[in-house]
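In what follows, a single structure is set out as structure tokens and then discussed.
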Amino acid sequence: MDKLKDFLRISEAAEYLGVSSKTLRNWENAGKIDAYRHPVNGYRLFKPEELDALLAKLNDELPRKKQPRKPR
């Protein structure tokens, strides 16, 4: 069983990803990431390893910057 200290609050998770809390809520609502609920207060909690997986997926989807051509 996971302990509450193993989760990040939404503000911590948003800072970790470099996005706003609202963006993270939207991603959760869109099914891009799972949020767990605190058993007492119902706040959203996120697992760091799932945030890492989301970052990796986002990085894979980003268009790559083209390297400038070398002059001849």
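Linking ILVMFWY side-chain heavy atoms closer than 4.5 Å, directly or via other members, places V19 and F7 in two distinct hydrophobic clusters.
Taking all atoms of both residues into account, the shortest heavy-atom contact from S21 to S11 is OG-CA, 3.9 Å. Residues L24 and A13 approach most closely at CD2-CB, 3.5 Å, considering heavy atoms. Taking both residues in full, the closest heavy atoms of V40 and H38 are given as N-ND1, 3.0 Å, listed atom of the first, atom of the second, then distance.
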Could you go through residues 43-51 and list every donor-acceptor pair under 3.5 Å that involves a side-chain atom there, pairing it with any protein atom two or more places apart or in another chain?
{"from": "R44", "atom 1": "NE", "to": "E28", "atom 2": "OE1", "distance (Å)": "2.5"}
{"from": "R44", "atom 1": "NH2", "to": "E28", "atom 2": "OE1", "distance (Å)": "3.4"}
{"from": "K47", "atom 1": "NZ", "to": "D2", "atom 2": "OD2", "distance (Å)": "3.0"}
{"from": "E50", "atom 1": "OE2", "to": "Y36", "atom 2": "OH", "distance (Å)": "2.7"}

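Taking E15 as the reference, nothing meets the side chain to side chain contact (heavy atoms under 4.5 Å, CB included) condition, with sequence neighbours excluded. D52 is linked by a side-chain hydrogen bond (donor to acceptor under 3.5 Å, both in side chains) to Y16, counting only residues two or more places apart in sequence or in another chain.
One distance of note links CD1 of I10 with CD of E12; it measures 11.0 Å at 0.5 Å rounding. If you take CZ on R25 and CD1 on I33, they are separated by 13.5 Å, rounding to the nearest 0.5 Å. Rounded to the nearest 0.5 Å, atoms CG (L17) and OG1 (T23) are 10.0 Å apart.
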